[in-house]
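All remarks here apply to the structure that follows.
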Amino acid sequence: IRNVIKERAMYNGLYLQLMTYPLFWGVFFQSQEYIRKYTDNRFAVPLLASGIASTVANPFFVVRTRLQTGNEHINILRHDGLVGLFKGLNSTLINNMKLCIQFPLYDYMRSYDMNVITASLLAKVTVSSMAYPMDVIRTRQRNSIKQIPLLKEIRNIGLRGLYKGLGMYTMTTAPTFVIMMWCKE
């Protein structure tokens with residue numbers, strides 16, 4: 001944190017952050033409504049909707065990740081071509097499986113008259129704790145100049161590294177999900 005403040009990098013990528021989440025969730029919820037016309041499977045609906053949303057939003061997440069981490073290779077198209085905008089999409093799609101747990105868990109808690117804030121917070125924290133390693137891998141893939149195979153990256157990071165930063169991640173993502181669900185409800 002001290003280095004980020006010293007380098008005045010606290011707001012790197014903020015404008016993309018403010019753009020990517022509404023883009024992802026906007027596409028997600030619209031896709032979810034469309035998919036529900038064809039199936040009401042509580043696991044398939046969020047998985048398909050998140051796959052569509054991730055594919056649309058991934059280029060913005062790649063650029064945002066590189067800006068936030070100070071990666072000099074920001075001109076992705078010139079260095080990596082169009083494929084560079086979709087780095088980390090494979091791990092993102094795997095990571096989306098957490099939404100197959102998170103939304104049904106949220107719905108389950110709401111069915112017992114739990115308020116929106118508590119249900120969304122518990123659902124997000126529970127699922128984030130389980131799925132965090134894939135977030136670490138996805139971020140590293142998006143920030144890399146080279147294509148990094150998923151299993152190779154797991155070996156490079158190691159077990160302890162897969163959970164490094166979980167507390168900070170939870171403190172930043174849980175409030176976002178709670179506010180989003182509160183607004184949606």
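Just so you know, residue 1 is the first one in the sequence shown, and it goes up from there.
Among residue pairs with one or both ends in residues 117-168, those qualifying as ring-ring contact (aromatic ring centres under 6.0 Å, His included) are Tyr132-Tyr169; sequence neighbours excluded.
In this structure, the side chain to side chain contact (heavy atoms under 4.5 Å, CB included) partners of Arg42, at least two apart in sequence or on a different chain, are Pro104. Every residue meeting the side chain to side chain contact (heavy atoms under 4.5 Å, CB included) condition with Met114, not counting sequence neighbours, appears here in chain and number order: Met109, Thr118, Ala119, Leu122.
Aromatic rings of Trp25 and Tyr21 (six-membered ring for Trp) have centroids beyond the 6.0 Å cut-off, not under it. Taking the six-membered ring for Trp and the full ring otherwise, the centers of Phe103 and Phe177 sit less than 6.0 Å from each other.
One N or O on the side chain of Asn96 and one on the backbone of Ser50 form a donor-acceptor pair closer than 3.5 Å. When atom types are taken as modelled, the side chain of Ser91 and the backbone of Gly88 share a donor-acceptor pair closer than 3.5 angstrom. Not a single donor-acceptor pair under 3.5 Å links the side chain of Thr39 to the backbone N or O of Arg36.
Ring planes of Tyr112 and Tyr108: perpendicular class, angle over 60° (limits at 30 and 60°).
Counting only heavy atoms from C-beta outward, the side chains of Phe86 and Val62 never approach each other to under 4.5 Å. Side-chain contact between Val178 and Lys124 is absent, with no heavy atoms from C-beta onward closer than 4.5 Å.
Arg142 and Asn58 share a side-chain donor-acceptor pair at under 3.5 Å.
Linking Ile, Leu, Val, Met, Phe, Trp and Tyr whenever their side-chain heavy atoms come within less than 4.5 Å leaves Tyr38 and Ile52 in two separate clusters.
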